[in-house]
2 protein chains.
Amino acid sequence: MLKSKITLKDIARELEVSVSTVSKALKNSEEISRDTKEKVQAFARLYNYKPNNIAISLKNKRTKNIGVVIPDIVHYFFNTVVRGIEKYANAKGYNVIVCLSEESFDKEVINMEMLANGSIDGFIMSLSSETQAKKDYNHLKEVTQQGIPVVLFDRITNEVDCDKVVIDDQLGAYTATQKLLQQGRKRVALITTDDYLSVAKSRTEGYTKALLDAGIPVRDELILKLPTMEMDEEAIRDFFNNTDMDAILCVNEIFAVFSIRIAMEKGFKVPEDISIIGFTDGMLAKYANPSLTVVAQHGERMGEISAKMLIDKVEDESDEEIFQTKILEPTLVLRDSTIN
Amino acid sequence: MLKSKITLKDIARELEVSVSTVSKALKNSEEISRDTKEKVQAFARLYNYKPNNIAISLKNKRTKNIGVVIPDIVHYFFNTVVRGIEKYANAKGYNVIVCLSEESFDKEVINMEMLANGSIDGFIMSLSSETQAKKDYNHLKEVTQQGIPVVLFDRITNEVDCDKVVIDDQLGAYTATQKLLQQGRKRVALITTDDYLSVAKSRTEGYTKALLDAGIPVRDELILKLPTMEMDEEAIRDFFNNTDMDAILCVNEIFAVFSIRIAMEKGFKVPEDISIIGFTDGMLAKYANPSLTVVAQHGERMGEISAKMLIDKVEDESDEEIFQTKILEPTLVLRDSTIN
DNA sequence: CTATTTTACGAAAACGGTTTCGTGTTAATA
DNA sequence: TATTAACACGAAACCGTTTTCGTAAAATAG
């Protein structure tokens, strides 16, 4: 009972006209007589004709698909970015193909290769940690050299010529640290990841700068550098056991809410005894007990902007190579894990 | 400097052979001499030839794309399902196009129409709440009638002929409620959504059944039915103010962790004074304070199974119409919001 | 009434592949 | 030596569109 899709050829045969006539009639071309147009359009409507996207893609070398390659989708931040991309892209008639690199260089490469052979009109990506560690961006360079536009967001590199969207991570960390110091905290710790992650590096810089600007020396023993953004409960527990601190800045919300728990387990009162701030204004931050003060990264905004930048490039005929980097301002969202 | 992709025709011209020869040579066809094959393959490798996916899709009417339409991606559950789908699909060489209906019937329809014209080989979906409320499944029926395979998961309907994957929601709620009763709780409340949501209905049934089986009457004042899965802090706060309860079962983790907070605000100790169980074993459940006992829905598993079912159908030539419904067992994950 | 312009349509190429079938050349067989 | 089979390749159709260009017939102009 499988009534397969009807094609132009089918309509042409049935109405005893040529395929070209049908095509034109459906596009309301001036070339076709009123009579014929009405006949064709009525027939098409009746049989619910819809042009085949693939054929159209092949013809005009445009797929109306956007490839999104991100390290993971479980971190709330990436989640919101995808939502922002989706929103803008769909409104513009584009579909979003999501691929997860899972922080793996190889997967990132494979995913890009899968998509780069005609499946998409452009890429929006955030680099995997492995890629940032390796500093190998050849897969990106190849793609851009083929004329496929790329927009990098959040985890970016300057070695690729493309548009970029980030928040001012350094400023975010700076503001947060400053906030902690203003509360009278003396021993502000930092839980971050290795410096190869671009965002972690910037945030560490912001933290350091804030301390120095306040005339406080940076003490290495107050900084915990985890290898990746992945949760390592043991490491954080150990850090707590061996460190005397009265405030913590964390590079994501997961580290932060987990820190809240450990702090409470160790008998600290949050925020009375210890203040904690995280990055990413997600579910965890909102619903943690106590709720978490965070640096909001405006992921949805970021997604929308990335999508707009990409689609503008895709639809711009003139292939002038002007690349811009958009820097969003982070916002400090005050909640109950700090004294406000 | 835009070196556009190289095509078969380019290779043919350069090597002074025909396009067909090149095509066959690259496929290592027996028809082509060793010499020619080597020449062609070397050339292709040198210029990094990759066949154009769109052309191939057009030719064999297979896109190797899967369309995923879900209500939202911020709920952890859908998130994990997408991850599962991605994982399986990618391993099989398929791409995943994610579309968000945002609980809107219209968006669901539009998204499906966008994809149903050749862009994908099949759909994996979970119905929007509006769709379940309207009970209008014509967009799904049209698609299946066109021979496009569909797999429904979690929020399903029996009115569409297709494969389905769900967890046994009733059992999950039953087990959870039973657990609460076994702890000696007498006034077990339920925070759920309107019955039109298939999962909410099943969970309410499980809750009811568990109470009745234990000889406890179901009291309407212990049940809060929110209109949708969206958070309504006021409603939950009111519920707390007007209800005397010593345990709550919530249909998602967000309602549950928020309930924990309100309970604590009202001076209850969790789990000593009140026990709380939610659905979805997500970040919130893991990192809430106290951590949340939940009914795990095994989203990733569900995604993998959905993807497998879909791809099996897509790749199965014989169009026998046998549809199966896979029911996964929920698991109760004990944490600190209940006495264990 | 002829010459020219519209009008309305069809043929064919193109997008980038795959695949069937035909054929000229060479080598093997009778 | 004549016949046939094997080999190696090319022409062309096809997937479903769009678009350019050519042209017969009808309409208008002269």
Side-chain angles (χ1 to χ4, degrees), chain A residues 3-41 43-44 47-65 115-121 146-148, chain B residues 3-41 43-44 47-65 115-121 146-148:
Chain A
K3 57 167 178 182
S4 196
K5 298 241 75 166
I6 189 175
T7 71
L8 286 190
K9 201 191 284 187
D10 298 329
I11 302 183
R13 187 177 352 91
E14 220 58 35
L15 262 41
E16 294 183 307
V17 292
S18 77
V19 171
S20 8
T21 301
V22 177
S23 175
K24 291 169 191 164
L26 290 175
K27 296 197 118 52
N28 239 313
S29 159
E30 293 300 323
E31 247 181 291
I32 306 298
S33 71
R34 174 171 290 279
D35 268 15
T36 310
K37 279 198 278 196
E38 278 172 4
K39 206 172 50 177
V40 171
Q41 287 170 7
F43 190 92
Y47 287 93
N48 190 30
Y49 169 79
K50 295 276 166 50
N52 181 305
N53 287 332
I54 298 290
I56 294 180
S57 293
L58 181 59
K59 186 88 241 276
N60 42 226
K61 295 160 160 249
R62 283 280 181 76
T63 61
K64 287 246 168 189
N65 285 159
L115 296 177
N117 302 113
S119 300
I120 50 97
D121 295 340
Q146 280 172 28
I148 302 178
Chain B
K3 57 165 179 181
S4 197
K5 298 241 72 165
I6 190 176
T7 70
L8 285 190
K9 201 192 283 186
D10 298 329
I11 302 182
R13 187 177 353 89
E14 221 58 35
L15 262 40
E16 295 183 304
V17 291
S18 76
V19 172
S20 9
T21 301
V22 177
S23 175
K24 290 170 192 163
L26 290 175
K27 296 196 119 50
N28 239 313
S29 160
E30 293 299 325
E31 249 182 288
I32 307 297
S33 72
R34 174 172 290 280
D35 267 15
T36 310
K37 280 198 277 196
E38 278 173 3
K39 207 172 49 177
V40 170
Q41 288 171 7
F43 191 92
Y47 287 93
N48 190 29
Y49 168 79
K50 295 276 167 53
N52 180 306
N53 288 332
I54 299 292
I56 293 180
S57 293
L58 182 59
K59 185 86 240 272
N60 42 228
K61 296 159 159 250
R62 283 280 182 76
T63 61
K64 288 245 166 190
N65 286 159
L115 297 177
N117 303 113
S119 299
I120 49 97
D121 295 339
Q146 279 171 30
I148 302 178

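Residue numbers start from 1 in every chain, and the chains themselves are labelled A, B, ... in the order their sequence lines are given, proteins ahead of strands.
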Please report the distance, rounded to the nearest Å, between [atom1] in [X] and [atom2] in [N].
X	N	atom1	atom2	result
A:K64	D:dT17	NZ	P	17 Å
A:L8	D:dC14	CG	C1'	15 Å
A:N53	D:dT18	CG	P	11 Å
A:E30	D:dT19	CD	P	15 Å
A:I56	D:dT19	CD1	C1'	13 Å
A:Y49	D:dG16	OH	P	10 Å
B:N117	D:dC15	CG	P	18 Å
A:I54	D:dC14	CD1	C1'	16 Å

Please tell me which of the listed nucleotides, [options], lies nearest to the side chain of [X]?
X	options	answer
B:I32	D:dT17, D:dC9, C:dT18	D:dC9
B:L58	C:dG16, D:dA11, C:dG10	C:dG16
A:T7	D:dG10, D:dT17, C:dC9	D:dT17
A:A55	D:dG16, C:dT19, C:dC9	D:dG16
A:T36	C:dC9, C:dC15, D:dT17	C:dC9

Phosphate oxygens OP1/OP2 of [N]: is one of them under 4.0 Å from a side-chain N or O of [X]?
X	N	result
B:T21	D:dC9	no
A:S23	D:dT18	yes
A:K61	C:dG16	yes
A:K9	D:dC15	yes
B:S33	D:dA8	no

Could a donor-acceptor pair under 3.5 angstrom be found where the side chain of [X] meets the base of [N]?
X	N	answer
B:K24	C:dT20	yes
A:K59	D:dT18	yes
A:S20	C:dA11	yes

- Test item: side-chain donor near acceptor, A:T36 and A:S33, under 3.5 Å: yes
- Are B:T21 and B:S18 close enough that a side-chain donor and a side-chain acceptor fall under 3.5 Å?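 Short answer, yes.
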- Message: Once rounded to the nearest 0.5 Å, what's the spacing between atom NZ of B:K59 and atom CD1 of A:I54?
- Response: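 Interatomic distance, B:K59 NZ to A:I54 CD1, rounded to 0.5 Å: 15.0 Å.
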- Message: Could you measure the distance from the CZ atom of A:F43 to the CD1 atom of A:I6? Nearest 0.5 Å is fine.
- Response: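 Interatomic distance, A:F43 CZ to A:I6 CD1, rounded to 0.5 Å: 4.5 Å.
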- Within the side chain of A:N48, is there an N or O that forms a donor-acceptor pair under 3.5 Å with the backbone of A:A44? no
- Task: List the steps, then state whether side-chain contact (heavy atoms from CB on, under 4.5 Å) holds for A:N28 with A:Q41.
- Result: CA-CA 9 Å; A:N28 239 313; A:Q41 287 170 7; 3.6 Å; yes
